[in-house]
Structure formats: structure tokens, C-alpha cells
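Below is one structure, written out as C-alpha cells; comments come after it.
What's counted below: heavy atoms across the whole structure, side chains too, no hydrogens, waters or symmetry copies. Convention: sequence-line order gives letters A, B, ...; per-chain numbering from 1.
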Amino acid sequence: MEKIITFFNRFLILNKRILKKKIFLFILLLIPLSVACLAIASNADAGIITVALAAEDISDPIASEIIDDLENGDSLIRFVVADSPADAVSLVESAEADAAWIFPQNMKEKIAEFADFSSERNRFMLIIQREDSVLLKLSHEKLNSTLYPYLSLAHCEDYIYDNLLTTSDISSEAIKQYYDSIDAEGADLFQMVYASGVNANDNEQNYLLSPARGLLAILIMLGGLAAAMFYTSDESSGVFDRMPRGRRFAIAIEYHAVAVFDVAIAAFVAILLGGLSVSFFYELAAMLLYMIAVVGSCMLLRLICHKNRLLASLTPALSIIMAVLCPIFIAPPIIPILQYLLPPYYYLNSIYKPEFLGYIAIYSVVVSAASYLVYRVRSR
Amino acid sequence: MRRQFVYFSLQLKRAARYLPFIIAVTLTLCVSLSLALSSLVTTDQGDARHKKIKVATVGEFVDSYFDFGVSAIQSMDSSRFAIEILDMTEDEASNALKNGEIVGYALIPSDFIIDAISGDVGHIQFVTNNSGVDMFSLFKKEILELISCLLVESQNGVYAMEEIVFDICVDQSDVYDHMTVLSTSYVSLIFNRSNTLEIEIIGIGDSLSFAGYMFSGLTVLIMLLCAIPCCPIFIKRDMAHSRLMNSNRFSPIQQILGEYSAFFCVMLINTAILVISMTLGAGKILNVIPDLAELTNIEILTLPLRLLPATLAITALQFLLFELTDSLISSVLLQFFTAVALAYTSGCFYPISFFPKAIQAFSKFTPSGLSRAYLSSILSGAESLLYVVALIAYTLVLLTVTVMIRARRIRT
């Protein structure tokens, strides 16, 4: 019991030593503030592709309605309204837009003509694009889903007039009223869930905010590495010379734990403020296990590298390796032999796959045991 | 002048002890990133943006309508160029999702089709994961919305026709035949929906390819991160030495110039190795970046010199961050945090066009944003003197602030 109290007292004293540095406090405050600002910024007008919209006749009601819907809707595509088709094309030529969608004159007639199977189907929407990529092909589906309600109505009208009734029996407006009054099922056809069964959180899907958790995980790891360098620096200055070798492992844990703990708290607050949290207690559990894993892995790395020069040189390389191999920016390539060594890999996967909480616990035990083993070997 | 040179040499000797480690790590990083970049930019069609999204369907069906429907979509629908639909068992789909082979799978109940035909459209669970944060999987929501729209609108048309017949037509005996014919014609309309579009491709012209853009972003990111190994050397835990030099008329300006010059030399060597090896690796050997493949050997060797203004600005920023901290932990965290925050908002991770206008505007005024834009302009052959002037101005301002901070720390 006394050892535990001593451990915590030393932990608090070490924490005081770091927290006295104003710049460290500033960084800790900056972390949640930056994520909160990013969360706000991610709601602004942004898009993976920029499409310029223009109509040959700006007074055309259907073209205006579609352009308004696209401009004000929620999509991964950013829409900008150009003054004219020529302006839209020049936006594409100057790479300010990836594509231009140009709506023709007499949209109603063009749509009716297309929906009429008995007449020749003419392409009426002009798309100007810089390249032929999958992303732009997918953007066409956005346009299709916007045009389709009009096509569907025109097709229904065409069928009724061709096969059932005449314009004197029922007007076009009346058909539209019948059409609009139908509340067909299927609007929420798909329910998106994660593999663990949790409903997909809209905020998590935001591409601007989605790397935030991964970057915070790397930052916590950097905190551990910095603490490792700090300990090595104090060790080479002779700070621990008077301490028995047997107690230095516990002191090393405290050094690492202090930095990791402080940065992890800031990261946890950032995750809550950014709306990335799946559940408070689940996040807390995952973060606690991750902290232990980071402390263990950084201690092991310090014992293996043993010199500040090597540790410091490895830091940027490790950051980039973690950014590539962990699910942060891209669906990572599968290289188990490297991925299984990285604590962020387990943490990031554990958020939507609960079984990874078990894996991170196992990882923590393994690296902690390995670091103790290396410590004992080096102590002889 | 002699004292200045001696001080510079001493600082350079200190920094040079770390240089072999930094270079070794940089070279390893360059090889890994070149390979990673080539895996992002492969396929016969040449570009990652040409890869198809893969989704799976899971379900056991009593009838073959569903299989027929999927085959029809895969052979006739315009989405076949962008989406590949695979049929799997639930275990296969779950494993494929874990391994990143698919972006998601639809769990379709066995009586879904029969119920849907009779108007009772149930729900389909679409299982996905959040690790798929790449650009392609972000479109899954848009595609699922399209499918819902096609289904709902087509039903609206068929049921509207049915109601009109019941309300207005005298002869209602073959209403269900009409519904069948209309439903079938709606299928044809769905498959032909993309025939409304006349597509004209004008080409990317003189602008940079996607791979070229990512190369410039990654280069700036690595430059930003490479200051971290120098933290143990350049942070000042106490100012006794600086105060002593100041009292011997070795002013803060001279101290900063000596230290910064040493740091700059180390970073310049590192940047040269980084740029040349990445250009040779990704551009010439793996040939995944067409903008680099076009460069001559002389142009590749002189690329680090052309990047000098960017190297100056970035190293000046990093040196200012060293001066702000007096502890190793704070220094490492501040360098990393600043590097990542600036790199992210400067378009080093995602193209800058992905961001809102406010962040795009902000990026134009940051050293990282300017450096990335400057490197992009070099690669696209549209180099501008404005970038050079802006970067040098940034360097001078940052170094001035650094000197002021050093002077204040010496006094207090």
C-alpha cells in the first residue's frame, strides 16, 4: 500500500514538473480547441469534388429548382453556381471546378422527350469535366438522382396518355398531384451500421473530421516517445545514479505515464468536443487501455534504442508509418507484421470493433512484459 | 565575423552527430512512401481514382429475381464502371470488410424481393466500417440515397397510375397488367438514366496530376516533421550559456544566426536527399508520378536548390518553435502538433480543394501552404516569383521574432 502511495506521489510530483511549463499547458489546451474548430469548419461549404452549375435559360423553372436543391443540399460535392455556361466551362478549364453541369433550355420538354419511349432519346444534359475518374462518375449518380424524380413523373404521364386516358380526361397538373400524394416506401431503405452493430455516426463520416481521432492517437504516442527521450536525458545526466537499479523500472513507468496521461486527457476532451465519441464510457475504457499500451511500447522502444539520437530520429518515421498503416487517412494496406506492433492500430480499430479492446489488453501485457525483460537483461 | 563562424561550426558539429540517423530514417521513409504512393496510384488505367468501389450482397433468396437484378445492373447499368457488386456469404463479407477488400455489404432478407413487389418495402442493413475513410468509401451514402430515390420515385409512378385508373377509368379490369408493363418500363428508364448526359472531357491541361499533387504535399509534410529529431540539440533548457555569450558581446542576433544556420544546413542536406530520392524513386523508377518522370537528371539534382525558399521558411518556423520551448516533451509535442495542423490545413493530406473556402484562404498565408503551392508550381512548370518573395519574407519575419524571444529570455 505504501509503495502505491509513493508511486502516486512521485507521479504527481513529475506531473507538476511538466505542467509548470506554460508551453506544455498551452499545447494541452490547444489540442481540444483545434479539434473543436475543425468540427465547426467541417460544417462549412466543402466538397471532395467541385461542380459548377449553369443553365442556358436561368428562368427555366425546373433548371432553377434543381440548381437550388443542389446548391443548398448536403453532399460531398461542392456546388458553385456560375453566371453562364461559358463561365462554368472556364471554371473547369482553370481547375477551379472539376466539372460543369449545364442545364439546357426547355428542361420540361427535354425531360418529357427522354421519358417517352416511343421517341428518340437525346442526351440533353451537358457535362464538361477535366478527367474521367471514378469520383466524377459517382458524381453523375448525384445528378441522376436529382433528375430522376422529374423523369419518373414524365414517364408516368407519358404512359397514362399513351395507354389509358387523354388530356381532356386528366390534366398534367392532376397527374402530378396524384404522383406527389403517393408516399411510397423505401426512402430509408438502407440502414448503415458498423460491423459491431453500432449505428453509423454522421459526424464520424465527415471526411474532414474523420482523421482527427487517428492524429490524436499519434500525438499521444509522440507524448510517450518524448517522455522516453526525457527519461533518457535525465538518466544520462545522472539524475537516477543514487537510486537502486531495481526501482528504476517503476520510475521509468512514471515518466512515461505522466506525459501520456496529460496528452491523453487533452485528446479525450478533444474527441468529446469534436462529436467523435461513440459512448463516453466506451471511449474512456478504450483510452485507458491505449494509454497503457503506449506506455509499454514507448518503454520498450526506449530500452531497445537506448540513445536519444536514435529515438529522436525514429520519431518522424514512426509518425508517418502510423499514419499510413493505421486506419486514419486511407484504408490501410494489410501488413500484419508491422500493424500489430503499432498501438494506434488497436486503438482505432477498437472504437467500432469491441474485440480489439481484448487485443489491446493483450498487446499491453506483451509489450510491458517485453520491456521488463529487456530492462532486467540490461540491468545485469 | 570569426566568432560567428566558430559558433556556427560548433553548432553544426553538434547537429551533425544526429545527421546520419536522420538521413538513414529519411531514406527508409522515402522508399516506403514511394511504394505507398505507387500502391495508391496503380491499375491499368493509371490512377487510383479509376478504381471501382466494391460492395457485397449477402442473402439467400427463394427466387432468382435478385440474382437476375444484380447481373442486369452489372452488365447494363452505368454504375458498373464505378461499382462492382460481389455475392458473398456473411462470413466472407465480414472478413472482406475487415481486410478492406470491400467498402461494405448489404444484408438482404430472404423475402425482401417478394415483399417489395407487393408494396411492402422493408429495410436493408448496410454494414460498413469507419476504417474506410478513403475518398471512395465516403460516396457510399450518396449511392445508397440514389438507390432509395430510384425505388421510391418508380413506385410513386406505378401507384399513381393505379390510383388514377381506379378513380377515373371506366375499365379497370387490366389495371394490374398496366402496372406490370409500367414497372418493366421503369426498369428500362433506370438503366437508361445516364443517357441523359452528354459528357465532354477537356483534360487536366497544364495543372498537376493527382499523384504529383500528393508528392508535393508529402514532401512538405516530411520537411515539417524532420525537425523533431533535432529537438534535443536546439532547445534551450536554460539560458546561462546564452547570457554568458551576450555579456561577451555575442548578441542574440549572432547567436540565432549561428544556431539557425547550423540547423538549416542539416535540414537542407536532409531535404536534398528526401527530394532527390523521392523524385528518382516515385518518378523515374516506379514511374507513378508523370510530372516527375518528365524531369531531366539535371532538373532533379537542382530541385533541392529551387526549393531553397521553402526550406528557409519551414526551418525558420521550426526554429521559432524550438525557441518557444525549454523542455524536451513540450518541444516534441509542439513540433509535431504544429507540423500536423499546418500540413492538414495546407492540403498535404487531402487536396486543398476539399476544404472550405476559409481554410483554403488560411492556407495561402501559412509557410506550409505557400511551400506546398510553390513545389506544386515547380512541378507543373508554373513557377512564380511571388512565392519566392513570400517565403523569404516569412523567413525574415520568423527569424526576427525568434531573435526577439531570445533577447527577452536572456533579459528575464
Item checked: Derivation of the side-chain hydrogen bond (donor to acceptor under 3.5 Å, both in side chains) call for Ser194(B) and Asn144(A) -> CA-CA 7 Å; Ser194(B) 292; Asn144(A) 289 333; 3.3 Å; yes
Item checked: Between Tyr159(A), Phe26(A), Phe230(A), the one whose heavy-atom pairs under 4.5 Å with chain B are most numerous -> Tyr159(A)
Check: Quick one: do the Gln155(B) and Tyr186(B) side chains pair a donor with an acceptor below 3.5 Å?
Finding: no
Note to self: Taking side chain as everything from C-beta outward and backbone as N, CA, C, O, which of these in Leu165(A) sits under 4.5 Å from a heavy atom of chain B? Side chain, backbone, both or neither.
What the structure shows: side chain
Check: Which one of Gly157(B), Pro356(B), Ala341(B), Ala358(B) has the most heavy-atom pairs closer than 4.5 Å to chain A?
Finding: Pro356(B)
Notebook entry, point to check: Given the options Ile22(B), Ile164(B), Val332(B), Ile228(B), which has more heavy-atom pairs under 4.5 Å with chain A than any of the others?
Noted result: Ile164(B)
Note to self: If we define contacts as heavy-atom pairs under 4.5 Å, which of Leu147(A), Ile320(A), Asp169(A) has the most with chain B?
What the structure shows: Ile320(A)
Notebook entry, point to check: Checking heavy atoms, do the side chain of Val158(B), its backbone, both or neither come under 4.5 Å from chain A?
Noted result: neither
Note to self: Need one label for Ser94(A): side chain, backbone, both or neither, based on atoms under 4.5 Å from any heavy atom in chain B.
What the structure shows: neither
Item checked: Among the listed options His140(A), Lys22(A), Arg78(A), the residue most often paired with chain B at heavy-atom distances under 4.5 Å -> Arg78(A)
Next item on the list: Determine whether Leu189(B) and Tyr148(A) make a side-chain contact, defined as any pair of heavy atoms from C-beta on separated by less than 4.5 Å.
Entry: yes
Item checked: Ile170(A) versus chain B, the contacting section by heavy-atom distance below 4.5 Å -> side chain
Item checked: Top contributor to chain A interface from Thr345(B), Leu334(B), Val340(B) [non-hydrogen pairs under 4.5 Å] -> Leu334(B)
Notebook entry, point to check: Side chains of Ile222(B) and Pro316(A): does their closest heavy-atom pair fall under 4.5 Å?
Noted result: no
Check: Do you see a donor-acceptor pair shorter than 3.5 Å between the side chains of His155(A) and Ser185(B)?
Finding: yes
Check: Among Ile321(A), Ile31(A), Leu311(A), who wins on heavy-atom pairs under 4.5 Å with chain B?
Finding: Ile31(A)
Note to self: Whether Lys20(A) and Asp326(B) form a salt bridge (side-chain N of Lys/Arg under 4.0 Å from carboxylate O of Asp/Glu) is what I want to check.
What the structure shows: no
Next item on the list: Select one option (side chain, backbone, both, neither) describing which atoms of Phe336(B) are under 4.5 Å from chain A's heavy atoms.
Entry: side chain
Note to self: Just so I understand: if I count every heavy-atom pair under 4.5 Å between each of Ile160(A), Leu219(A), Asn308(A), Thr315(A) and chain B, which residue has the most?
What the structure shows: Leu219(A)
Margin query: Can you tell me how the ring of Phe349(B) sits relative to the ring of Tyr344(B), calling it parallel under 30°, perpendicular over 60° and tilted otherwise?
Written below: tilted
Checklist line | Contacting moiety of Ile27(A), where chain B heavy atoms sit under 4.5 Å | finding: side chain
Check: Between Leu221(B), Thr325(B), Ile233(B), Leu150(B), which residue shows the highest count of heavy-atom pairs closer than 4.5 Å to chain A?
Finding: Leu150(B)
Notebook entry, point to check: When heavy-atom pairs shorter than 4.5 Å are enumerated against chain A, which of Thr26(B), Thr338(B), Thr196(B), Leu333(B) gives the highest number?
Noted result: Thr196(B)
Next item on the list: Check whether the side chains of Ser327(B) and Ser330(B) place a donor and an acceptor atom closer than 3.5 Å, and report yes or no.
Entry: yes
Checklist line | Contact origin within Leu126(A) toward chain B - heavy atom pairs under 4.5 Å | finding: both
Item checked: Test item: Phe337(B) and Leu222(A) side chains (from C-beta on) under 4.5 Å apart, heavy atoms -> no
Next item on the list: Could you look at Val92(A) and say if it's the side chain, the backbone, both or neither that has a heavy atom under 4.5 Å from chain B?
Entry: both
Notebook entry, point to check: Is there side-chain contact between His178(B) and Leu164(A), with at least one heavy-atom pair below 4.5 Å?
Noted result: yes
Note to self: Below 4.5 Å, heavy-atom pairs only: which of Leu30(A), Ile18(A), Asp180(A) has the largest tally toward chain B?
What the structure shows: Leu30(A)
Note to self: Please identify, among Lys357(B), Met161(B), Gln360(B), the residue contributing the most non-hydrogen atom pairs under 4.5 Å to chain A.
What the structure shows: Met161(B)
Check: Do other residues, nucleotides or ligands put more than 12 heavy atoms under 6.0 Å from the CZ atom of Phe362(B)?
Finding: no
Next item on the list: Under 4.5 Å heavy-atom distance to chain B, tell me which part of Leu225(A) shows up: side chain, backbone, both or neither.
Entry: neither
Notebook entry, point to check: Is there a side-chain contact between Phe354(B) and Ile49(A) (heavy atoms, below 4.5 Å)?
Noted result: no
Checklist line | Set of side-chain contact (heavy atoms from CB on, under 4.5 Å) partners for Leu338(A), sequence neighbours left out | finding: Leu325(A), Ile335(A)
Notebook entry, point to check: What part of Ile359(B) gets closer than 4.5 Å to chain A, counting heavy atoms only: side chain, backbone, both or neither?
Noted result: side chain
Check: Is it the side chain or the backbone of Ile175(A) that comes within 4.5 Å of chain B heavy atoms, both, or neither?
Finding: both
Margin query: Between the side chains of Arg193(B) and Glu141(A), is the shortest nitrogen-to-carboxylate-oxygen separation below 4.0 Å, so that they form an ion pair?
Written below: yes
